[in-house]
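Have a look at the structure below before the remarks.
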Amino acid sequence: MGRFFFLQLNNITFRYSYSIMRYSQMLIRTAKEIPAEAEVISHQLLLRAGFIRKLTSGLYTYLPLGLAAIRKVEAIVREEMNRAGAQELLMPMVQPADLWQESGRWVKYGPELLRFQDRHNREYCLGPTHEEVITDIARRELHSYRQLPVNLYQIQTKFRDEIRPRFGLMRGREFIMKDAYSFDVSDEAAGQSYQTMRDAYTRIFQRCGLEFRAVEADSGSIGGSFSHEFMVLADTGEDTLVICQECEYAANVEKAKVVLLAEPASETTDDSTGEVQDCIKVETPGMKKVDRVAEFLKVTPQQVIKTMIYLADEEPVAVLVRGDREVQSVKLKNLLDVAEVELAEDDTVWKLTKLPVGYIGPVNIPIKMVADQEVMTMINAVTGANEKGHHLTGVTPGRDFTPVAVGDLRQITKEDRCPVCQGALELTEGIEVGHIFKLGTNYSEAMHAVYQDQEGKEQAMVMGCYGIGISRVVAAAIEQNHDENGIIFPLPLAPVQVIVLNLSIKNEETTATAEKLYQDLQAAGIEVLLDDRDERPGSKFKDADLIGIPYRVTVGKTWEKEGKVELRTRRDGTTTLLDYEQAASTITTSIQDELNALK
RNA sequence: CGGAACGUGGCGCAGUCUGGUAGCGCACUUGACUGGGGGUCAAGGGGUCGGAGGUUCAAAUCCUCUCGUUCCGACCA
């Protein structure tokens, strides 16, 4: 009864087997009602379709169908990683503290790192990522330039003690991740490894049948100089992307460069003559918001300089942006070179400046100040006066105040232009499913992972690291592909490719036909589920739709009357009548064609 | 971490204000009918109301503590 399919790749054959493929015997429990705890669509559907069950906050059991989808993603990832020359290994999930102390992250990583002690009071953590362990392997096993480059990967369960786990598989505390680490002799060689992974990732997500973009990204806490994120485009994405309509440029808004436009002076000055005016203090009682101040003083928000107080690693910093702009906190973090930036609370602002928020300004402010590049082009601007109920007009940067640092600090908008080609930009939402980093020598230097070059000299290995959220890919696929009836799996990720509905199990001929079709499809190497339950047709249709099987074959009335079975595609609902004799081969061909088209 | 809400059979909920020892829908079991988009009827099984303590003749219901879950915030001066 069991069946197998084989994947031939790089001389390695993986066999994946399903024990049972009869609906009546499988653990598939579907629900009509939406579980109260599920907010986003993928979470709702994964629960309703019987793919996952929650054990506790952020921790899920993958039921047979859910696991089958996970295995599909894993198989594609393995195949493409191996094709790209990476080697699979498997590291422990539990990691000793001393490795993390060596890299410095035992202190730096923060509360997301779940730490605990064993019976001897030795410190450990659950691995949220594996740079330390892999670097330890590298320094023990790799000693010569002749052994490099090497790319090692694993598919492992990670644990991150998220502040707020949510959205089911999208942000769990425990999740399945493919992580790969490359080791090279030079920066240039590491760039080559990076490019190889970038290509592999593109192939992986193409083969998954997902609509995605690779975008320039902030490298975040993992560190490193350069990185790309792979984003599945979906309305519910947690990230915002900016995509150029003209060229290939695409970036996370955390990273997207704002280019200064040469705007006519009249737009940023309250005087079309462009003459620099004197700085004057004016009363603005109760005017805290930019819009109110601008309206009151009969200027536009573009002529106001907004002063925001942030805490950068606990140190207060005043941040200046134009009145209609927003601070991009990741850019701020990078400019200040700190680990954390946080907007100061109102009472913190009061303690620091003895001012209510709304009247703070850059002129003679006693705290460290940085400004967005755009601010420095303004003249005769309006700012807070650092006095309750007052603002200043005629403020000009450079003359009236000088920031300690100036840079690109604001969030990009769709009115901005592409930093590469000046083309129009579009903003869209995305779900991060993959992230690749050039790490450089951060870890290898900290942990002394070195090799000997041709001259016998010790050199730090140049590293890269590359992650894919396997379980998140499944959630993202559903976010991107569903309708009111349920999941619509892209064929490569579907837990099974075909579902055969036997609509009258009491009719021996119908049943025999459905059975034969089931067996023929299996024999042809197709993954097929036979719905042999004693249920009414309506329930079978609803369940087939809900669990998202791409192809559905119905053996029922049409078979009894006309000797034909019905083939229906889940995505567009098109139905074709097939003679029984052709059915298995037609379906097989169709599936193979569709899969090949993605390769 | 801050704010809010919720915890009642497997799931979704009512009952809580106005204490009197538990109810509905789905799911499940049995039977009959039915059989192309989650059917109908009938008969059943299953909960002591998150936990602990308290008030009371009496607590799902009131009080205290606690645990858990979910949502919101963690952004615009």
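In this text the structure is predicted, and so the values were computed from the model without any measurement. Proteins come first, then strands; the chains are lettered A, B, ... in the order of their sequence lines, and each starts at number 1.
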- Task: Go through the steps for A/Y580 and A/D520 under the test side chain to side chain donor-acceptor pair (under 3.5 Å), then give the verdict.
- Result: CA-CA 11 Å; A/Y580 167 73; A/D520 287 353; 3.2 Å; yes
- Task: Might you work through the side chain to side chain contact (heavy atoms under 4.5 Å, CB included) test for A/F51 and A/I478, ending with a clear yes or no?
- Result: CA-CA 12 Å; A/F51 279 58; A/I478 295 171; 5.6 Å; no
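As judged by a 4.0 angstrom heavy-atom cut-off over every strand, A/D545 is placed among the base-contacting residues. Counting any heavy atom pair closer than 4.0 Å across all strands shown, A/T558 reaches a base atom. Residue A/E566 is classed as a base contact, given a heavy-atom separation below 4.0 Å to a base. Among the atoms of the strands shown, none is found under 4.0 Å from any heavy atom of A/R292. A/K288 comes within 4.0 angstrom of sugar-phosphate atoms only, judged by non-hydrogen atoms across all strands, and of no base. Note on A/R568: a base of the nucleic acid sits closer than 4.0 angstrom, heavy atoms only.
Remark: B/U16 base-pairs with no nucleotide; criterion is Watson-Crick or G-U wobble with both hydrogen-bond distances under 3.5 Å. A 3.5 Å limit on both hydrogen-bonding distances identifies no Watson-Crick or G-U partner for B/A22. Within the shown strands, nothing qualifies as a pairing partner of B/U48 under the Watson-Crick or G-U definition with both distances less than 3.5 Å. A 3.5 Å limit on both hydrogen-bonding distances identifies no Watson-Crick or G-U partner for B/A60. Using N1 to N3 plus N6-O4 or O6-N4 for Watson-Crick, or N1-O2 and O6-N3 for G-U wobble, each under 3.5 Å, B/A4 pairs with B/U70. In this structure B/G35 sits in no base pair that meets the Watson-Crick or G-U test at under 3.5 Å. Base pairing analysis places B/U29 opposite B/A43; the two distances defining the Watson-Crick or G-U wobble pair are each below 3.5 Å. Remark: B/C76 base-pairs with no nucleotide in the shown strands. Criterion, Watson-Crick or G-U wobble with two distances under 3.5 Å.
The same atom, C1', is picked in B/C57 and in B/U40; the two are 48 Å apart, to the nearest Å. Between the C1' atoms of B/A43 and B/G50, the separation comes to 33 Å (whole Å). As rounded to the nearest Å, B/C11 and B/C33 have C1' atoms that lie 28 Å from one another. Taking atom C1' in both B/G20 and B/G25, one finds a spacing of 27 Å when rounded to whole Å. Atom C1' of B/A27 sits at a distance of 33 Å from the matching atom of B/U66, rounded to the whole Å. B/U56 and B/U70 have their P atoms separated by 38 Å, with the value rounded to a whole Å. Across B/A77 and B/U61, the matching P atoms stand 46 Å from one another, rounded to whole Å. Using atom P as the reference point in both B/G19 and B/A42, the two lie 36 Å apart (nearest Å).
Other residues, nucleotides and ligands contribute at most 12 non-hydrogen atoms within 6.0 Å of the CG atom of A/D337. Atom CZ of A/R292 has 12 or fewer heavy atoms from other residues, nucleotides or ligands within 6.0 Å.
The NZ-P distance, from A/K354 to B/A77, rounds to 22 Å in whole Å. Nucleotide B/C76 holds its C1' atom 16 Å from the OH atom of A/Y359, rounded to whole Å. Here the P atom of nucleotide B/U69 and the OH atom of A/Y60 are 11 Å apart, to the nearest Å. Between the P atom of B/A27 and the CD1 atom of A/I34 lies a distance of 17 Å, rounded to the nearest Å. When the P atom of B/A77 is taken as reference, atom CZ of A/F296 falls 18 Å away, rounded to whole Å. Nucleotide B/C71 holds its C1' atom 16 Å from the CZ atom of A/R171, rounded to whole Å. Taking atom CG on A/D324 and atom C1' on B/A77, their separation rounds to 14 Å, with Å as the unit. In this structure, A/D534 places its CG atom 11 Å from P of B/G31, rounding to the nearest Å.
Looking at the side chain of A/I309, the nearest of the listed nucleotides B/A77, B/U34, B/G12 is B/A77. Minimum atom distance to the side chain of A/V290 is reached by B/A77, of the listed B/A77, B/U70, B/C71. Comparing B/A77, B/C71, B/G12 against the side chain of A/R166 picks out B/C71 as the nearest. The nucleotide whose nearest atom lies closest to any side-chain atom of A/K54 is, among B/U70, B/C75, B/G37, B/U70. The A/K557 side chain lies nearest to B/G36 when the options are B/G36, B/G37, B/A77.
When ring centroids are compared, A/F159 and A/F116 stay outside the 6.0 Å threshold.
Between A/F296 and A/E283, the shortest heavy-atom distance links the atoms CE2-O, 3.3 Å.
Along RNA chain B, the nucleotide nearest to A/T56 and the one nearest to A/A344 differ in position, and the one closer to the 5' end is contacted by A/T56. Mapped onto RNA chain B by nearest heavy atom, A/R29 and A/Q328 fall at different nucleotides, with A/R29 at the one closer to the 5' end.
Rounded to the nearest 0.5 Å, atoms CD1 (A/I547) and CD1 (A/I488) are 13.5 Å apart.
Put simply, the side chain of A/T353 gets close to the backbone of A/L355: a donor and an acceptor are under 3.5 Å apart.
Looking at A/E374, A/E415, A/E326 one by one, the single match for salt bridge (charged side-chain N to carboxylate O under 4.0 Å, His left out) with A/R410 turns out to be A/E374.
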- Message: I need a per-nucleotide contact map over nucleotides 38-45 of chain B, read 5' to 3'. Cutoff is protein heavy atoms under 4.0 Å; write B for the base, S for backbone only, - otherwise.
- Response: BB------
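For the OP1/OP2 pair of B/U70 and a distance below 4.0 Å, the side-chain nitrogens and oxygens of A/S57 include at least one atom meeting the criterion.
Note on residues 352-380 of chain A: pairs passing ring pair (Phe, Tyr, Trp, His ring centres under 6.0 Å), not counting sequence neighbours, are A/Y359-A/H391.
Listed by chain and residue number, nothing satisfies the ring-ring contact (aromatic ring centres under 6.0 Å, His included) test with A/Y551 (two or more places apart in sequence, or in another chain).
Counting atom types as modelled, A/E535 pairs no side-chain N or O with a base atom of B/G35 as donor and acceptor under 3.5 Å.
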